Amino acid sequence: SHDIQTVDLLKIDVEGAELLVLDGARGVIESHHPTILCEFNHLALEQLGGSSGELWNEWMSYKYCFFEYNHRARVLIRCKSAPQKGSPTYIGTVNPDRLARHLGARIV
């Protein structure tokens, strides 16, 4: 009804229900490849029967790269696996160079 043509950014902060969001948003993610802000809240995921590893593997099936972003240093730090503790928010993209240019950041 709003004639939305594309989705550029998807922010997911649903306290452990991220896997459910991914299931519901599969078509949007596969067709639009939006930049993703996604919290990996290890404890909340476990409380709903999931895990950070399961969420990570689901994202990897979409061919996304994930980064932690240090805005003060303007650095994107590549994440190589799911966090095992805490609840960091990662930035995911299928085009890291474009994201870095957009943020004026460098990838490390």
Side-chain angles (χ1 to χ4, degrees):
S1 68
H2 295 286
D3 196 33
I4 296 171
Q5 300 297 315
T6 188
V7 176
D8 297 321
L9 177 68
L10 182 61
K11 180 179 187 257
I12 304 172
D13 186 358
V14 291
E15 303 307 320
E18 288 80 6
L19 289 164
L20 295 171
V21 169
L22 286 181
D23 188 46
R26 181 172 307 282
V28 169
I29 295 166
E30 289 175 344
S31 62
H32 296 275
H33 305 289
T35 297
I36 305 288
L37 297 175
C38 185
E39 183 180 44
F40 278 72
N41 186 325
H42 185 70
L43 293 175
L45 282 160
E46 281 186 345
Q47 289 174 345
L48 291 178
S51 70
S52 292
E54 189 177 359
L55 179 58
W56 179 267
N57 290 338
E58 186 67 23
W59 278 122
M60 293 304 102
S61 75
Y62 288 105
K63 308 293 187 227
Y64 268 71
C65 298
F66 277 89
F67 301 89
E68 287 188 73
Y69 179 54
N70 180 324
H71 69 280
R72 292 174 199 235
R74 291 203 178 283
V75 172
L76 288 163
I77 303 161
R78 189 178 299 269
C79 301
K80 297 182 188 224
S81 64
Q84 297 304 308
K85 59 182 178 177
S87 56
T89 297
Y90 287 171
I91 300 174
T93 184
V94 294
N95 192 334
D97 293 330
R98 183 172 149 231
L99 177 63
R101 281 191 308 274
H102 180 75
L103 295 173
R106 61 187 172 87
I107 298 172
V108 296

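Owing to the predicted nature of the structure, the values given are computational and were not obtained by experimental measurement.
When hydrophobic clusters are built by joining Ile, Leu, Val, Met, Phe, Trp and Tyr residues whose side-chain heavy atoms come closer than 4.5 Å, directly or via intermediates, Phe66 is grouped together with Leu22. Both Trp56 and Tyr62 sit in one connected hydrophobic cluster of ILVMFWY residues. Membership requires side-chain heavy atoms under 4.5 Å apart, directly or through other members. Cluster annotation: Leu10 is not connected to Leu76 through the hydrophobic network of ILVMFWY side chains, with a link wherever side-chain heavy atoms come within less than 4.5 Å. Taken together through direct or relayed side-chain contacts under 4.5 Å among Ile, Leu, Val, Met, Phe, Trp and Tyr, Phe67 and Leu37 form part of one hydrophobic cluster. Taking hydrophobic clusters as Ile, Leu, Val, Met, Phe, Trp and Tyr residues chained together by side-chain heavy-atom distances below 4.5 Å, Tyr69 shares a cluster with Leu99.
Applying the side-chain hydrogen bond (donor to acceptor under 3.5 Å, both in side chains) rule to Gln5 yields the partners Asp3; only residues at least two apart in sequence or on another chain are considered. The ring-ring contact (aromatic ring centres under 6.0 Å, His included) search around Tyr64 returns Trp59, not counting sequence neighbours. For Val14, the side-chain contact (heavy atoms from CB on, under 4.5 Å) partners at least two apart in sequence or on another chain are Ile12, Ala17, Glu18, Val21. Partners of His32 under the side-chain contact (heavy atoms from CB on, under 4.5 Å) rule, at least two apart in sequence or in another chain, are Thr6, Val7, Val28, Pro34. In this view, Ile4 and His2 satisfy the side-chain contact (heavy atoms from CB on, under 4.5 Å) rule, not counting sequence neighbours. Applying the side-chain hydrogen bond (donor to acceptor under 3.5 Å, both in side chains) rule to Glu46 yields the partners His42; only residues at least two apart in sequence or on another chain are considered. For the ring-ring contact (aromatic ring centres under 6.0 Å, His included) test, residues two or more places apart in sequence or in another chain that qualify with Tyr90 are Phe40. Under the side-chain hydrogen bond (donor to acceptor under 3.5 Å, both in side chains) criterion, Glu68 pairs with no residue at all, not counting sequence neighbours. Glu15 is linked by a side-chain hydrogen bond (donor to acceptor under 3.5 Å, both in side chains) to Asn41, counting only residues two or more places apart in sequence or in another chain.
Rounding to the nearest 0.5 Å places CE of Met60 at 7.0 Å from SG of Cys65. Annotation: the span from Leu43 atom CG to Ser51 atom OG amounts to 12.0 Å, rounded to 0.5 Å. Between atom CG of residue Asn70 and atom CD1 of residue Ile77 there is a gap of 6.0 Å, rounded to the nearest 0.5 Å. In this structure, Thr93 OG1 and Leu9 CG are separated by 10.5 Å, a value rounded to the nearest 0.5 Å. Here Lys11 contributes atom NZ and Thr89 contributes atom OG1; the two are 7.0 Å apart, rounded to the nearest 0.5 Å.
Sequence neighbours left out, not one pair with a member in residues 7-28 passes ring-ring contact (aromatic ring centres under 6.0 Å, His included). A salt bridge (charged side-chain N to carboxylate O under 4.0 Å, His left out) check over residues 72-81, counting only residues at least two apart or in different chains, returns nothing.
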Checklist entry - Going through the checks in order, is the side chain to side chain contact (heavy atoms under 4.5 Å, CB included) test met by Leu48 and Leu19? => result CA-CA 10 Å; Leu48 291 178; Leu19 289 164; over 6 Å; no

Can you give me every donor-acceptor pair (side chain of residues 100-108, partner residue at least two apart or in another chain, under 3.5 Å) with its distance?
none

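Between Ala82 and Ser52, the shortest heavy-atom distance links the atoms CB-O, 3.3 Å.
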